[in-house]
Amino acid sequence: MNALSGHRISEVTSTPLRSRYPRTIGRNARLGAHGDGPTAWAVTVRTEDGASGWGMAEGPESDPATLVGRPLEEVIDPDHGVLDPAALPLDAALHDLAARLLGVPVHVMLGGHGVTPVTCYSGAIYFEDLDPEEAPRGIDGVLASCAADWASGYRAFKLKIGRGNLWMTPEAGFARDVEVTRAVREAYPAARVLVDMNDGYDPERSVRYLEAVADCDLFWIEEPFAEHAEGLRRVREHRRRPGSPVLVADGEFEPDLEEVLDLARDGLLDVLLMDVLSIGITAWRHLMPTVREIGVAASPHAWGHPLKTLYAAQLAAGLGNVPVVEAVPGTTDGVDASGYTLVDGRLTLPDAPGFGLGPRLTAAGH
Ligand SMILES: O=C([O-])C(=O)C[C@H](O)[C@@H](O)C(=O)[O-]
């Protein structure tokens with residue numbers, strides 16, 4: 001018997017969810033402009049007794065209608081996560097519902113193994129130097145994004161690099177990447193700086209980059225190239241040099257989980273990035289003990305929607321072993337996220353049950 005016993009799912013509805021970034025987000029190494037905020041789906045799960053929970057839906061396709069009528073405790077176990085693969089698209093909604101029924105925040109239901117408030121970085125520093133096309137702003141464009149995010153409370157920035165992959169010649173792009181890194185480090189000596197190549201480099205260029213910015217005290221490099229052992233070994237050789245403590249983070253883009261874990265076991269990856277929604281909270285709950293055992297860290301990818309940052313923060317506070325969470329600055333229409341506050345780079349989580357997000361439980365356009 002637990003707080004879920006006796007509850008039966010009576011309804012599953014979905015509704016579009018529109019996010020808004022504080023500014024138009026530009027290009028990265030592999031994609032064009034990211035726009036001013038995407039639309040996704042929110043799913044609400046209700047029980048016959050009138051309890052409800054909601055969350056963003058991503059992940060494997062299935063027909064959630066088949067869950068109607070099912071006892072809730074057959075579908076989610078508060079100690080383990082979603083039990084029925086058919087319910088995985090409702091992973092976030094079911095975690096919200098279960099934690100609401102228990103009367104605790106999701107991170108408490110997950111065990112409360114992490115540190116709160118949760119350290120975040122702004123993941124919204126793209127190639128602002130290259131736009132607008134007719135009058136590119138240059139490095140000031142990137143610094144303006146950093147200034148805006150610093151003013152909203154961020155104390156860490158992830159810079160997109162890899163301009164030479166699609167948008168500049170390889171050498172001009174490389175030079176700009178280095179220049180941007182140096183400019184941000186100089187303007188924000190106290191900030192934590194991370195960089196993300198979005199697979200736009202190769203091993204040789206990655207090592208050259210690390211040499212060129214060796215004095216910039218980078219926290220991590222992310223997705224330097226599609227992960228493979230030989231290339232990562234070359235990067236590791238560089239990192240073995242004294243004074244090269246930079247971490248390597250990967251596993252975000254179409255990860256082969258076993259391969260990513262093997263690379264971590266071989267000492268080639270330090271931080272694993274599988275997405276908080278498309279891999280999911282339940283999968284992370286199963287994975288984190290292995291990640292800990294290997295001795296590496298995690299930082300579930302959250303880009304795209306501000307809500308994913310809040311899920312990742314709950315996961316970080318619940319499971320621990322997450323040194324920093326990717327923040328997607330912005331808001332989501334119809335969602336009151338005021339229980340989450342960012343001060344000095346750290347996000348305080350609400351004491352309210354579930355994800356502590358209100359209200360978004362009315363569903364239009366099921
Ligand atoms: O680490 C990240 O947040 C990303 O790599 C997000 C990418 O920049 C974005 O273009 C995407 O989701 O493909």
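Ligands are counted one by one from 1 in listed order, and the atoms in each one are counted from 1 as well. Keep in mind it's a predicted model, so treat the numbers as computed, not measured.
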Would you mind checking which non-hydrogen protein atom is closest to [atom], with the distance to 0.1 Å?
atom	value
atom 11 (C) of ligand 1	R30 NH2, 3.6 Å
atom 9 (C) of ligand 1	H34 NE2, 3.3 Å
atom 5 (O) of ligand 1	N198 ND2, 2.7 Å
atom 12 (O) of ligand 1	W303 CD1, 3.5 Å
atom 4 (C) of ligand 1	K160 NZ, 3.1 Å

| Euclidean distance, L90 CG relative to M56 CE, rounded to 0.5 Å | 13.5 Å
| request: Decide if the gap between the ring center of F157 and the ring center of Y188 is smaller than 6.0 angstrom. | output: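 Ring centroids of F157 and Y188 are less than 6.0 Å from each other.
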| request: Would you kindly confirm whether V142 and F219 end up in one hydrophobic cluster when ILVMFWY residues are joined by side chain heavy atoms under 4.5 Å apart? | output: no
| message | Could you see if I161 belongs to whatever hydrophobic cluster contains L31? Use Ile, Leu, Val, Met, Phe, Trp, Tyr and a side-chain cutoff under 4.5 Å. | response |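 No, I161 and L31 fall in different hydrophobic clusters.
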Only heavy atoms of [X], strictly under 4.0 Å: list the atoms of ligand 1 that pass.
X	value
E222	1 (O), 2 (C)
N28	7 (C), 8 (O), 9 (C), 10 (O)
H301	1 (O), 2 (C), 3 (O), 4 (C), 6 (C)
D196	1 (O), 2 (C), 4 (C), 5 (O)
L31	10 (O), 13 (O)
K158	1 (O), 2 (C), 3 (O)

Heavy atoms, side chains only, cut-off 4.5 Å: are [X] and [Y] in contact?
X	Y	result
F355	P350	no
V271	E222	no
D275	K308	yes

| query | Nearest heavy atom to atom 3 (O) of ligand 1: which of E326, R27, M197 does it belong to? | reply | E326
| task | Answer yes or no: is there an ion pair linking E223 with R30, defined by an N-O contact shorter than 4.0 Å? | result |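 Between R30 and E223 there is no salt bridge, as every charged N stays at least 4.0 Å from the carboxylate O atoms.
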| query | Are any of the side-chain nitrogens in R182 or D215 under 4.0 Å away from the carboxylate oxygens of its partner? | reply | yes
| message | Please classify the L273 to ligand 1 contact at 4.0 Å (heavy-atom distances, strictly less than): side chain, backbone, both or neither. | response | neither
| query | Considering only heavy atoms, does Y126 approach ligand 1 within less than 4.0 Å through its side chain, its backbone, both, or neither? | reply |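 Under 4.0 Å from ligand 1, Y126 contributes side-chain atoms alone.
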